[in-house]
Q: 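Have a look at this one before I ask anything.
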Amino acid sequence: MNQSSKFDVWWKLLWMFLKVNLLSPSGPASIGLLYKEAVGTIMSEERFVEAVGFSNVLPGSEALKLAMFVGYAAGGIPGVLTALLGAMLPPTVMMLVVAFVLQQFQHEEWLNGFVAGMSPAVAALMVTVAWELSRATKAKKITRRFLLIAALSAIALAFDVPSPLVLLGAGVLGVILYR
Amino acid sequence: MNLYLDLFLTFLKVNLLSTSGPASVGLLYNEAVGKFVTEGQFVQAVGFSSVLPGSDALQMAMYVGYAAGGIPGGLVALLGSILPPTILILGVVMVLHRIRREAWVQSFVEGLTPAISMVILFAAWKIFQKGGETGWQGWLIGAASLVALFLNAPARIVVLVAAVLGVFWFS
């Protein structure tokens with residue numbers, strides 16, 4: 001591959017990830033859009049499915065993991081870094097602006113109302129996230145093992161066990177129960 | 001402990017123990033509220049991360065980091081969020097291409113999922129109680145949002161409508 005076509009690939013990657021991350025509301029929601037952009041042009045369907053599989057298993061932001069897999073398939077390590085940059089810039093720059101603006105109004109009465117109204121909706125949003133996660137397991141339904149770990153976690157949390165410990169314990173229990 | 005180091009380690013931990021941005025909300029709540037941000041600020045972080053396009057994990061890191069330590073705080077939190085997936089992915093694509101076939105990794109994640117759901121539900125309940133008003137308007141907004149979200153209404157619209165209602169009812 002000569003020098004100029006390499007730059008073409010990097011530029012294409014950067015632009016693709018800027019676009020995908022500007023148009024999708026969250027990491028998991030970007031999978032569909034990314035599929036349309038990347039499969040066929042940059043990587044095969046099989047490799048894309050593999051990338052999504054890895055993203056589910058490894059820790060961290062889903063959008064970043066997918067970006068890195070697609071970037072690697074297209075342009076090796078420089079591709080990884082370009083895709084990462086494209087995926088990071090839109091959300092972080094926008095959030096910085098929002099955080100800056102909100103900081104100016106932190107003691108205004110209307111912002112208190114704004115937050116008080118947003119709280120029940122955010123709580124509801126979190127309930128649906130918990131629900132979606134429960135359904136997205138390998139078994140595709142809620143099994144007895146799932147309920148057991150969920151119940152044990154709930155008890156531990158009710159007794160104020162630190163949540164990182166609860167998560168680690170649940171993971172270890174998973175290794176034992178799901179063998 | 002130094003604020004920046006503390007922010008970095010917190011986001012490192014949160015992003016090592018969750019598999020996506022939305023899944024990390026419960027853990028982040030427990031680690032950040034009262035320490036880096038107030039209850040209300042956390043609601044803003046989650047609310048706006050679902051309103052703005054792009055990765056929720058990075059947006060929450062940016063907001064919490066910025067609120068706690070200005071722009072350097074935001075960058076440090078961002079770095080902590082980015083490092084775990086980056087290093088692991090580079091490791092996977094370059095060295096351990098077989099990790100997905102290692103059964104225990106899959107089992108660990110299968111076990112992690114129900115616990116993540118529970119951590120999120122507990123945090124959701126605390127946010128509902130402390131962040132909002134628990135009068136009938138609060139319950140109404142919560143119930144209506146839940147129904148709307150289960151009917152696949154876009155999260156950003158639901159959150160914004162609830163916030164605007166809050167401005168009229170609660171201020």
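Each chain gets a letter, A, B and so on, in the order the sequences are listed, and its residues count up from 1.
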Q: Please state whether the side chain, the backbone, both or neither of A:Leu173 comes within less than 4.5 Å of a heavy atom of chain B.
A: neither
Q: Any side-chain heavy atom of A:Pro91 within less than 4.5 Å of one from B:Leu52?
A: no
Q: Compute whether any side-chain donor of one residue and acceptor of the other, for B:Gln44 and A:Gln103, lie under 3.5 angstrom apart.
A: no
Q: In terms of heavy-atom proximity below 4.5 Å to chain A, should B:Gln41 be classed as side chain, backbone, both, or neither?
A: side chain
Q: May I ask you to test the A:Leu168-B:Leu112 pair for a side-chain heavy-atom distance under 4.5 Å?
A: no
Q: Counting only heavy atoms closer than 4.5 Å, note whether B:Tyr63 contacts chain A via side chain, backbone, both or neither.
A: both
Q: Tell me, for B:Ala123 versus chain A, whether the close heavy atoms (under 4.5 Å) come from the side chain, the backbone, both or neither.
A: both
Q: What's the separation between atom CG in B:Leu88 and atom CE in A:Met68, rounded to the nearest 0.5 Å?
A: 9.0 Å
Q: Hey, are the side chains of A:Asn21 and B:Pro53 touching, using non-hydrogen atoms and a 4.5 Å cut-off?
A: no
Q: I'd like to know whether CD of A:Glu46 has more than 12 heavy-atom contacts from other residues, nucleotides or ligands below 6.0 angstrom.
A: no
Q: Check each atom of A:Gln106 against the heavy atoms of chain B and say whether the ones under 4.5 Å are side chain, backbone, both or neither.
A: side chain
Q: For residues A:Ala121 and B:Ile141, report the shortest heavy-atom separation together with the two atoms involved.
A: N-CG2, 4.3 Å
Q: Name the region of B:Ser24, side chain, backbone, both or neither, that has any atom closer than 4.5 Å to a heavy atom of chain A.
A: neither
Q: Name all pairs fulfilling the ring pair (Phe, Tyr, Trp, His ring centres under 6.0 Å) condition that reach into residues 31-51 of chain A, sequence neighbours left out, sorted by first residue then second.
A: A:Tyr35-A:Phe48
Q: Taking every heavy-atom pair that is under 4.5 Å apart, which of B:Val161, B:Val159, B:Ile120, B:Ile71 has the most such pairs with chain A?
A: B:Ile120
Q: Indicate yes or no: at least one non-hydrogen side-chain atom of B:Val25 is less than 4.5 angstrom from one of A:Val129.
A: no
Q: In terms of the angle between their ring planes, are B:Phe48 and A:Phe114 parallel, tilted or perpendicular, with boundaries placed at 30° and 60°?
A: parallel
Q: Using a 4.5 Å cut-off on heavy atoms from C-beta on, say whether the side chain of B:Leu149 contacts that of A:Val127.
A: no
